[in-house]
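Computed over heavy atoms, backbone and side chain alike; hydrogens, waters and symmetry mates excluded.
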There are 2 protein chains.
Amino acid sequence: MNALNPPGSPDEHTDGHPDEHTDGHPDGHTDGHPDGTTPRTPSQERGRRRRATLLNAAVALLTEGGFKAVTHRAVAQRAHLPLAATTYYFASRDQLLAEAFAQLVETELATTRAWITRHGLPALTDQVATADRARQLGLWELYVHAGRDPVLQHIARRWTDGCVRLIAETLGRPENDPRVRLLYTTVSTLWLEHVVEQRPLDEARALLGLALTQATAGRTP
Amino acid sequence: MNALNPPGSPDEHTDGHPDEHTDGHPDGHTDGHPDGTTPRTPSQERGRRRRATLLNAAVALLTEGGFKAVTHRAVAQRAHLPLAATTYYFASRDQLLAEAFAQLVETELATTRAWITRHGLPALTDQVATADRARQLGLWELYVHAGRDPVLQHIARRWTDGCVRLIAETLGRPENDPRVRLLYTTVSTLWLEHVVEQRPLDEARALLGLALTQATAGRTP
DNA sequence: CGAAAAGTGGTACGGGTGTCCTGATTTTAC
DNA sequence: GTAAAATCAGGACACCCGTACCACTTTTCG
């Protein structure tokens, strides 16, 4: 669950049993140097900061150019760290991407939650309009890429589940309520369409309004 | 409009004015050798077949590995043609990808139309279940990638518009009817979710049913 | 028929990548 | 204090890529 920790949080996995934590970890975060070559989350504060810097660089590059732009050299350069740091702290490019994806998902969910808390669900199209489009594209690119990668797939499901949970809470409904899920389908497509196709948002606003009307059946959210 | 022609269809662009067809062509199809270096659709039948073979190879690779797998060498090898053929018949990798995307979109739209004609809209989840998932992934990957590429973006819009048209025709409604577009949002998300996340389709079927009920307001499709 | 245009295909250029190697330095543990 | 472990960073390995170059062959056209 380390990928869920904010950068800089204490690491619980430095207890000398690294091997137990590298099997089937769904979010791609791997700890431990079983033979001195597999990276771990560092025990020293300095190393932890360097690792986080690399990860943030990866997210930035993901935003700017999609996952193709996340190469070891680009990440190292963006983080002003030597190339070897990338392989010291991350087992592979795939791990780097997975952790970047996980971070992006959590960040976007938190941002969206805050916006809805403040402005309400009907204003979600306004958040989509003002949010960093390139970052959204990075997220969606990895979302689709997750279809070919079981590790990323778990993270993708977390994105969907997080969005559904958000809507459920806002509507005061259980997450498995079909109306919640139906509303999510509309929100998801409108979001993706805006990010990819850059269509005007007038129609999206109207559709969101209609979908909300149907989901709440006359109750004002 | 050559990208809309089936492979092997007669080419109308060999009339000696190739330069007029290379500006702002939204689907990335370029004709003409203005200085002997820019590819055109060949005038000879053999060349046309070779070009089509390369394009089909690109689509196959897109299916198997996503757009990252569509390299000149992989395409040439898959098509059993020399590497130089790829640059002879296509101006760039981008053009190859654009045409592969366009072809994939048209194929999928046609396949979906045939299915709906035969089985009806409520059975759309069954088509999603039985269709080649990897091919769908290829399509969606390029769809999202289109967010960063104006040429592909036009093709992505064609995908969306084609789906909306399909639903509108099935419901006997105009394409700008909000209920048509709302139903499309649900269908789109359920499709993407299945392809990416591989969730069970039971819930998708139920949601599609609910969405159809709301879209038709008691009228049986 | 001959020249020009189109087609063919092997090769190379200049660039890039993920990963690994290894010696030096710093930190930790006994 | 010393040895082991962790950290650090420069460099290299093996591979890959898109694109361009160029000589040769085939087809077209005047």
Side-chain angles (χ1 to χ4, degrees), chain A residues 11 13-18 28 30-54 58 61 65-98 100, chain B residues 11 13-19 30-54 58 61 65-98 100:
Chain A
D11 186 9
H13 288 271
T14 54
D15 58 3
H17 294 278
T30 309
D31 299 321
H33 278 269
D35 59 356
T37 59
T38 309
R40 75 187 299 166
T41 303
S43 49
Q44 300 170 23
E45 177 61 26
R46 180 164 181 264
R48 281 208 284 273
R49 278 203 297 268
R50 284 159 60 99
R51 193 181 194 279
T53 300
L54 288 172
L61 288 165
F67 69 79
K68 187 183 59 175
V70 183
T71 67
H72 286 80
R73 286 165 175 85
V75 168
Q77 187 174 53
R78 175 59 61 92
H80 303 296
L81 292 171
L83 173 60
T86 62
T87 49
Y88 183 74
Y89 293 110
F90 299 92
S92 63
R93 181 172 181 263
D94 282 345
Q95 193 199 346
L96 189 54
L97 279 170
Chain B
D11 188 6
H13 287 270
T14 54
D15 58 0
H17 295 277
D19 291 344
T30 309
D31 297 323
H33 279 268
D35 57 1
T37 59
T38 308
R40 74 186 301 168
T41 303
S43 47
Q44 300 169 25
E45 178 61 27
R46 181 164 182 263
R48 282 206 284 270
R49 276 202 298 268
R50 284 161 59 101
R51 192 180 195 279
T53 301
L54 288 170
L61 288 165
F67 72 79
K68 186 182 61 177
V70 184
T71 67
H72 287 80
R73 287 165 174 82
V75 168
Q77 187 176 53
R78 176 59 61 90
H80 303 295
L81 292 171
L83 173 59
T86 61
T87 51
Y88 184 74
Y89 292 112
F90 298 93
S92 63
R93 181 175 181 263
D94 282 345
Q95 191 199 344
L96 187 55
L97 280 169

Of all the heavy-atom pairs spanning A/Ala69 and A/Leu61, show the shortest one and how long it is. CB-O, 3.8 Å
For nucleotides 18-20 of chain C, give me every protein contact, N/O to N/O, under 3.5 Å, one pair per line with atom names.
{"residue": "C/dG18", "atom": "OP1", "partner": "A/Arg93", "partner atom": "NE", "Å": "3.1"}
{"residue": "C/dG18", "atom": "OP2", "partner": "A/His72", "partner atom": "N", "Å": "2.9"}
{"residue": "C/dG18", "atom": "OP2", "partner": "A/His72", "partner atom": "ND1", "Å": "3.3"}
{"residue": "C/dG18", "atom": "O5'", "partner": "A/His72", "partner atom": "ND1", "Å": "3.4"}
{"residue": "C/dG18", "atom": "N7", "partner": "A/Arg73", "partner atom": "NH1", "Å": "2.8"}
{"residue": "C/dG18", "atom": "O6", "partner": "A/Arg73", "partner atom": "NH2", "Å": "2.9"}
{"residue": "C/dT19", "atom": "OP2", "partner": "A/Arg93", "partner atom": "N", "Å": "3.1"}

Of the non-hydrogen atoms in B/Ala85 and B/Leu54, which two are nearest, and what is the gap between them? O-CD1, 3.7 Å
Can you find a heavy atom in the side chain of A/Arg51 that is under 4.5 Å from one in the side chain of A/Phe90? yes
Does a side-chain N or O from A/Arg46 land closer than 4.0 Å to OP1 or OP2 of D/dC8, or not? yes
B/Phe67 CZ to D/dG18 C1': how many Å, rounded? 15 Å
Residues forming a side chain to side chain donor-acceptor pair (under 3.5 Å) with B/Arg93, sequence neighbours excluded: none
CD (B/Gln95) and OG1 (B/Thr86) are apart, to the nearest 0.5 Å, by 11.0 Å
Protein-nucleotide distance (B/Arg48, atom CZ; D/dT27, atom P), rounded to Å: 15 Å
Measure from CZ on B/Arg51 to C1' on C/dT8 and round the result to the nearest Å. 16 Å
How long is the line joining CG of B/Leu54 and P of C/dG7, in whole Å? 13 Å
Rounded to whole Å, the NZ-P distance (A/Lys68 to D/dG18) equals 11 Å
Between A/Ala58 and A/Ala100, the two heavy atoms sitting closest are CB-CB, 4.3 Å
Please give, in whole Å, the distance from D/dT27 P to B/Glu45 CD? 14 Å
Please state how far atom CZ in A/Arg50 lies from atom P in D/dA6, giving the value in whole angstrom units. 16 Å
Between D/dT7 and A/Tyr88, is there an OP1 or OP2 to side-chain N/O distance shorter than 4.0 Å? yes
B/Gln44 CD - C/dT8 C1' separation (whole Å): 11 Å
